[in-house]
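Reading through the structure tokens given below for one structure.
For reference, positions follow the sequence shown, starting with 1. Treat the numbers as computed from the prediction; the structure is a model and nothing was measured.
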Amino acid sequence: MQHDFDLIIVGAGLAGNCLALALKNSGLKIALVEANSREQLRHSPAGDRALALAAGTVELLNDLGAWRGVADKATAIKHIHVSDRGHFGKTRLAAEDQGVEALGYVIVARDIEQHMADLVEKTDTVCLYQTRVAGLMSGRDAVNVSLKQHDGSSLNVSAQLLVGADGGNSTVRKLLEIPQQVTDYGQTALVTTVQSALPHRNIAFERFTEFGPLALLPVAGKQSAVVWTRTHEQAETLINVSDREFLAELQNCFGYRLGELKLAAPRRAFPLSLIRAESMVSGRTVIIGNAVHQLHPVAGQGFNLGIRDVALLAEMLIDQHERDGDLGDARLLKNYSRQRQQDHGKTIGFTNSVVKLFSNDNLPLAAVRNAGLTMLDHLPFAKKLLTRHAMGLADRLPKIGERK
């Protein structure tokens with residue numbers, strides 16, 4: 001059967017663009033569908049957020065030829081300092097102990113998003129901006145997709161496979177009526193950037209409090225990106241108080257390891273939930289990235305998990321295409337889903353356990369976790385395992401990009 005495209009990717013965010021880049025030399029005919037314009041994406045407030053890229057994610061971006069163009073905009077994480085406010089326990093991780101240049105990198109989302117979009121537009125991918133998915137139906141040989149363009153006109157296209165990479169509010173997931181499991185943490189993340197009196201020395205701080213974790217991630221100069229988790233009520237108060245009052249509370253929570261802190265960006269607030277779709281696959285459609293999972297920001301695993309979704313899917317689609325196989329084959333998609341669900345389960349389980357273990361001030365539990373942090377700090381083997389997990393290197397990374 002003749003299709004308009006071999007593959008249709010819905011969503012021109014990081015996951016969708018990474019998949020398009022990973023497949024650029026595959027010989028597949030690809031369409032990238034995005035409901036917003038490039039200009040709207042460029043000016044989205046979400047572009048202000050800081051992304052913590054694990055070392056494994058940087059490896060994958062480098063394989064795509066996408067890292068070199070933004071490396072100078074990223075700040076290396078050479079050390080991670082984990083502590084528990086009001087208690088003695090702490091653990092310190094160092095890149096030099098693992099024989100690597102960095103444990104990860106911090107970059108402003110907008111910088112990497114725009115770079116990736118520019119690279120995709122230089123490929124043979126058909127980019128359909130300001131076009132939204134209005135309907136879809138999987139058949140025996142193709143998935144048929146109804147698109148609505150910005151001028152109001154309709155377009156009907158078909159492909160072997162549709163990939164929903166359209167974020168947490170995924171239209172594709174909704175059209176497929178895939179249910180979600182939602183766990184409300186009762187927490188809100190306050191996000192901003194601070195300027196510190198002392199240099200951060202490429203240290204990422206993860207400080208646990210009874211209300212939730214506080215992370216300060218190194219960025220340019222003496223600035224650090226702040227992700228501060230509080231209860232909904234506390235966050236609402238803190239988002240509305242004066243800068244002076246906000247900084248006083250932040251300083252009280254973090255301490256003076258970086259000296260006096262000053263605000264360098266507006267404050268934003270994001271309610272936190274663990275959201276997981278009950279299925280990744282429906283007919284000839286698969287959903288990836290934030291369309292299938294949204295995590296608590298503790299340990300910064302969400303984006304890195306999504307990139308691993310992309311990497312494995314690209315590897316499997318290339319292998320299938322080289323064998324002249326059907327990209328929408330049910331066995332292929334079932335195998336892909338099974339492999340990714342294993343990673344999802346481990347990563348989500350780890351993140352969820354950390355939130356529950358550290359977001360309280362139960363004294364017996366505090367004693368146990370602080371003893372654990374202190375013991376971990378003195379056990380090189382255990383520390384190495386934790387470091388490799390933080391770097392996204394605990395499991396084999398799929399091979400994407402150009403093939404030898």
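- Between the Ser196 side chain and the Lys222 main chain, a donor and an acceptor come within less than 3.5 Å of each other.
- Classification of the Trp228-Phe246 ring pair by plane angle, with boundaries at 30° and 60°, yields perpendicular.
- Between Asp309 and Arg340 there is a salt bridge, since a side-chain N of the basic residue sits under 4.0 Å from a carboxylate O of the acidic one.
- Ser282 places no side-chain N or O within donor-acceptor distance of the main-chain N or O of Thr285, the cut-off being under 3.5 Å.
- Annotation for Glu236: atom CD does not count as buried by contact number, only 12 or fewer foreign heavy atoms lying within 6.0 Å.
- At distances below 3.5 Å, not a single donor-acceptor pair connects side-chain atoms of Gln195 with backbone N or O atoms of Leu263.
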Apply salt bridge (charged side-chain N to carboxylate O under 4.0 Å, His left out) to residues Lys29 and Asp4 and explain how you reach the verdict. CA-CA 8 Å; Lys29 188 176 181 182; Asp4 298 299; over 6 Å; no
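- Using a 4.0 Å cut-off between a side-chain N of Lys or Arg and a carboxylate O of Asp or Glu, Glu249 and Arg230 qualify as a salt bridge.
- The environment of CD in Gln181 is crowded: more than 12 heavy-atom neighbours from other residues, nucleotides or ligands sit within 6.0 Å.
- More than 12 heavy atoms of other residues, nucleotides or ligands sit less than 6.0 Å from atom CD of Gln149.
- Across Leu14, Val108, Leu217, Asn304, a single residue satisfies side-chain contact (heavy atoms from CB on, under 4.5 Å) together with Leu51, and that is Leu14.
- A salt bridge is absent between Glu113 and Arg110: the closest approach of a Lys/Arg side-chain nitrogen to an acidic carboxylate oxygen does not fall below 4.0 angstrom.
- Comment: Asp124 does not engage Lys24 in a salt bridge, judged by the lack of any side-chain N to carboxylate O separation of less than 4.0 angstrom.
- Counting heavy atoms from C-beta on, the side chains of Ile9 and Leu7 come closer than 4.5 Å.
- In this structure a side-chain-to-backbone donor-acceptor pair under 3.5 Å is missing from His81 to Arg207.
- Between the side chain of Asp184 and the backbone N or O of Ser273, no donor-acceptor pair lies under 3.5 Å.
- Using a distance-only test at 3.5 Å, with no hydrogens or angles considered, no donor-acceptor pair links the side chain of Gln114 to the main chain of Asp111.
- Salt-bridge annotation for Glu121 and Arg38: present, with a side-chain N of the basic residue lying under 4.0 Å from a carboxylate O of the acidic one.
- Contact check on Arg173 versus Asp166 returns no salt bridge, with no Lys/Arg side-chain nitrogen under 4.0 Å from an Asp/Glu carboxylate oxygen.
- By the 4.0 Å N-to-carboxylate-O rule, Asp326 lies close enough to Arg284 to be salt-bridged with it.
- Between the Arg42 side chain and the Gly47 main chain, no donor and acceptor come within less than 3.5 Å of each other.
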